[in-house]
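Start at 1 and go down the list; that is how both ligands and their atoms are numbered. Note that the numbering runs from 1 along the sequence shown for the chain. These numbers were taken from a predicted model, which means no experiment stands behind them.
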Amino acid sequence: MIPLSEAQERVLAGCEVLTEVVVPVDHARGLVTTETVVAPELVPPFDNTAMDGFAVRSADVDHAPVTLAIAGTIAAGAAPDVTVGVGQAARIMTGAVIPPGADAVVMVELTSTDGDEVTVAESVPAGNHIRRAGEDLTVGQTVFGPGEVLTPGHLGVLTSLGIYEVKVRPKARVGVMSTGDELVEGPQPLEVGQIRDSNRHTLLALLAEAGCEPVDLGSLADDEAEIAAGIRDGVEKCDALLTSGGVSMGDYDYVKKVLDEIGDMSWMQVAIKPAKPLAFGVVEGIPVFGLPGNPVSSMVSFELFARPGLRKMMGHPAETWHRPPVIGRVAERLRRRPDGKTHFARVRVEYADGEFLARSAGGQGSHQLSAMAAADALAMLPDGEGLAVGDAVSLLILR
Ligand code: AMP
Ligand code: MG
């Protein structure tokens, strides 16, 4: 067995960063920039009012209350067609251009008007409620650099600058195929020995959650030629592949055999439970993750190996490839037996009195997917007899 960190390093070494592409901003959420974005214009583009009210000369309202003549009205979106002279005010709406002559805005709540004149109740300083041109972003300013993960806010910033396309690392297109003669799809009654294929569906969904583009490559029989053809076909269409099943010690575990023949493969026995076996190969430059078949193992293996590798490929910063462990506390004894491995127990996590409290999410067998479904986190149990109530525990929070 090799330590988890060593297995993760081997996997990451086989995952190359994808070539940058230009995408429309509306397809860029979650993608990672590869360029420095520099503001080509001012935001806001002109001095404007933050309030509905009256544009005034601050000197005129120094001795409020004072009554001013209304020179006109300025709506948002219109070029001002009035100048505010001494003793005058202009009615103005939020976002409208500050008219020449005015140097402050009095909000409507501090005024009363009969239509032709306005009485201002309080004095306001110069600049009152004026949002200055360039106060958010100024021309030539670096907005953000390469390696920025684009959130909705970033996309708003780009479009506020008139930028509608951005250079990013693309979503990884990742093919998923399950292997196993026992697998069937659909609601028909099962024949003896058959089970329904669930891994393909969990893995497709995990990929979508990880910001990848999942590609369903179906289910393959435990047949060496079929698996070889499936993988060869998959690497032509995709940036990475996930297979499930066939990487263990059984007579029909052909995935690792095929990967060894057609790729540069390391078959690893990782000192973890679940998900001890992992066949990781690079075929024609495409990383292939041979995940174990047990349903919980395939999900945990995805979490510990595939997700970090795919994040690297999609340009995420190295310190975010792995989920950061959060330190919580054990709320209910988490038992295990010494076996030289780190166990990833499926736990429910509750946040109470300022700390994360973990308790088992149910049956911990690697075939017991219901506890995985119920889990909020994977609790890392170091080798030994487990953890007692009140012990600190490292948690990988899954949602
Ligand atoms: P294997 O790694 O192929 O030996 O499979 C280990 C266990 O996982 C066996 O009990 C398989 O039946 C089960 N298994 C393999 N693939 C899947 C799948 N796609 N969905 C659900 N269970 C699976
Ligand atoms: Mg199998």
Pair F289 and F305, ring centroids less than 6.0 Å apart: no
Where ligand 1 meets [X] - atom numbers and elements under 4.0 angstrom, heavy-atom basis:
| X | result |
| --- | --- |
| I195 | 12 (O), 21 (C), 22 (N), 23 (C) |
| S178 | 19 (N) |
| G246 | 1 (P), 2 (O), 3 (O) |
| D197 | 18 (C), 19 (N), 20 (N) |

For [atom], what's the nearest protein heavy-atom neighbour? Residue, atom name and distance, please.
| atom | answer |
| --- | --- |
| atom 17 (C) of ligand 1 | N199 ND2, 3.2 Å |
| atom 10 (O) of ligand 1 | N294 OD1, 4.2 Å |
| atom 4 (O) of ligand 1 | D253 OD1, 3.9 Å |

Pairing of R169 and E20 as salt bridge, 4.0 angstrom limit: no
R337/E385 ion pair, N-O < 4.0 Å: yes
Shortest reach to atom 15 (C) of ligand 1 by a heavy atom, considering only S297, S366, G193, G293: G293
[X] side chain to [Y] main-chain N or O, any donor-acceptor pair under 3.5 Å?
| X | Y | value |
| --- | --- | --- |
| H154 | T151 | yes |
| E185 | R196 | no |
| D239 | V174 | no |
| R336 | P382 | yes |
| D253 | S248 | yes |

Heavy-atom gap S198 to ligand 1 smaller than 4.0 Å: yes
Any P295 heavy atom less than 4.0 Å to ligand 1: yes
Polar contact flag for E182 and ligand 1 (N/O pairs, less than 3.5 Å): yes
Contact partition for H367 relative to ligand 1, non-hydrogen atoms under 4.0 Å: neither
